[in-house]
Amino acid sequence: MSAERPVTLSIVAPCYNEADGIVEFCRRAIAAAQAVAGNSFELLLVDDGSRDATWDKLSDLAEKQKEIVAIKLMRNHGHQLAATAGLANSRGEFVLLIDADLQDPPELVSDMMAMMAEGQDVVYGQRRERKGESWFKLATAKAFYRILPWLAKTDIPKDTGDFRLMRRRVVDILLSMPEQDRFLRGMVSWIGGRQAPILYERDPRYAGTTGYPLTKMLRLAIDAITGFSTRPLRIATWCGVFSAAAAVGLLLYTIARWMAGDTVVGWSSLMVVITGFSAVQLLTLGILGEYLGRLVQQSKSRPLYLVDEIVSDGLSRTVSHTRIDRLSDRYAVVPGDRELLS
């Protein structure tokens with residue numbers, strides 16, 4: 001990728017099994033970028049270990065159009081790390097992070113850039129309506145965005161995803177943050193600065209199926225909570241305090257009944273008490289395990305992602321060494337056997 005050519009706008013789009021809709025996404029994204037930046041833009045498409053023909057289409061598009069940069073990760077790292085890979089390789093003064101499924105309209109970048117001209121550092125899309133999604137996903141998403149502000153110390157806007165336009169300085173700060181388990185929308189909110197919403201209606205997917213099933217949604221929710229709040233630990237502590245107080249009260253009651261000559265009977269009540277205390281203990285251990293697991297993963301200091309191949313300017317190249325031309329060398333360890341992309 002030619003690093004000497006500066007660009008005004010970078011559009012970063014993680015892709016996972018988007019073969020059916022990626023051509024239409026590129027058409028709309030390029031048209032939107034040209035409308036605000038002329039020819040001074042780049043479109044970075046990150047293949048996050050897709051199992052369909054996504055990479056074949058990405059590489060073909062990058063070979064035909066110089067503004068497109070196709071980046072292939074060595075395996076599926078997940079949406080947040082794929083987005084990080086794209087951000088780390090972007091060069092624009094402004095960077096738009098957007099999904100490739102066309103649920104978020106790339107044409108909105110024009111209004112976002114207008115807001116940037118007013119001095120904003122970040123303009124994030126806030127969903128006014130979400131079309132084509134099940135009642136279960138809408139209900140769980142609504143519950144998550146209402147519970148998260150109570151748990152998190154960082155003020156994370158409601159009903160927002162990763163769809164946002166950022167200034168270069170915000171992107172650079174974001175890339176310097178070393179979290180392994182990343183929740184980008186929360187990290188951007190933590191950075192602060194002048195951030196403003198832009199309301200829009202989220203469309204149904206253009207093609208294919210969602211890459212965010214329930215399991216991944218739960219994992220993202222856990223990353224959001226454990227990454228931006230220690231309140232679950234406080235909750236576990238208070239559960240332990242209340243359980244200990246209840247146990248002391250139960251002990252005093254048992255002693256009092258014994259001294260009065262009554263026989264303590266009731267298998268059912270005993271099992272309820274044991275089950276209740278066991279549930280509190282397991283809940284507490286689970287919460288502690290989540291935080292401990294994050295510490296273990298962070299202590300390994302492994303690279304956040306591995307790039308297998310980059311196609312840009314009509315050339316396909318496999319990277320061979322650790323890139324250190326970004327803010328942190330942890331962001332771009334790229335194995336291969338031919339040449340280094342500078």
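Predicted model, so just to flag it, every value in this text is computed and none were measured.
- Evaluation of the side-chain contact (heavy atoms from CB on, under 4.5 Å) rule for Ala83 yields Pro14, Leu97, Leu184 as partners, not counting sequence neighbours.
- Scanning for side-chain contact (heavy atoms from CB on, under 4.5 Å) contacts around Arg75 gives His77, with sequence neighbours left out.
- Scored by the side-chain contact (heavy atoms from CB on, under 4.5 Å) test, Glu93 finds no partners at all (sequence neighbours excluded).
- For Ser110, the side chain to side chain donor-acceptor pair (under 3.5 Å) test picks out no residue, with sequence neighbours left out.
- Contact of the Leu174 side chain with the Leu87 side chain is registered, since non-hydrogen atoms from C-beta on lie closer than 4.5 Å.
- Not a single side chain to side chain donor-acceptor pair (under 3.5 Å) links Ser59 to another residue, sequence neighbours left out.
- Leu9 has its side chain within reach of Val109: a pair of non-hydrogen atoms, C-beta onward, lies under 4.5 Å apart.
- There is no side-chain donor-acceptor pair under 3.5 Å between Ser10 and Arg91.
- Note on residues 113-124: pairs passing side chain to side chain donor-acceptor pair (under 3.5 Å), not counting sequence neighbours, are Asp121-Arg169.
- The shortest heavy-atom contact between Val170 and Ile191 is O-CD1, 3.8 Å.
- Within the structure, the salt bridge (charged side-chain N to carboxylate O under 4.0 Å, His left out) test picks out the following pairs touching residues 103-114 (sequence neighbours left out): Arg28-Glu107, Asp104-Arg202.
- Between Val12 and Val95, some side-chain heavy-atom pair lies under the 4.5 Å cut-off.
- Residues satisfying the ring pair (Phe, Tyr, Trp, His ring centres under 6.0 Å) criterion with Phe94, sequence neighbours excluded, are absent altogether.
- Legend: residues meeting side chain to side chain donor-acceptor pair (under 3.5 Å) with Asp52, ordered by chain and number and at least two apart, are Thr54.
- In terms of heavy-atom proximity, Val171 sits nearest to Ser90 at CG1-OG, 4.5 Å.
- Take Ala114 and apply the side-chain contact (heavy atoms from CB on, under 4.5 Å) test, not counting sequence neighbours, and it matches no residue.
- Between Ala88 and Tyr305, the closest heavy-atom pair is CB-OH, 3.4 Å.
- Remark: Asp60 engages Lys64 in a salt bridge (charged side-chain N to carboxylate O under 4.0 Å, His left out) (not counting sequence neighbours).
- At a threshold of 4.5 Å between non-hydrogen side-chain atoms, the residues Ile198 and Met115 count as touching.
- Using modelled atom types and a 3.5 Å distance limit, the side chains of Ser40 and Thr8 yield a donor-acceptor pair.
- Contact detail for Met74 and Val307: the closest heavy-atom pair is CG-C, 3.9 Å.
- Side chains of Ile30 and Ile68 form a contact here, defined as non-hydrogen atoms less than 4.5 Å apart.
- With hydrogens and angles left out, the side-chain atoms of Gln126 and Thr160 include no donor and acceptor closer than 3.5 Å.
- Between Asp162 and Arg185, at least one side-chain nitrogen of the basic residue sits less than 4.0 Å from a carboxylate oxygen of the acidic one, meeting the salt-bridge criterion.
- Counting only heavy atoms from C-beta outward, the side chains of Val7 and Phe41 never approach each other to under 4.5 Å.
- Taking the side chain as every heavy atom from C-beta outward, Phe25 and Ile98 approach each other to under 4.5 Å.
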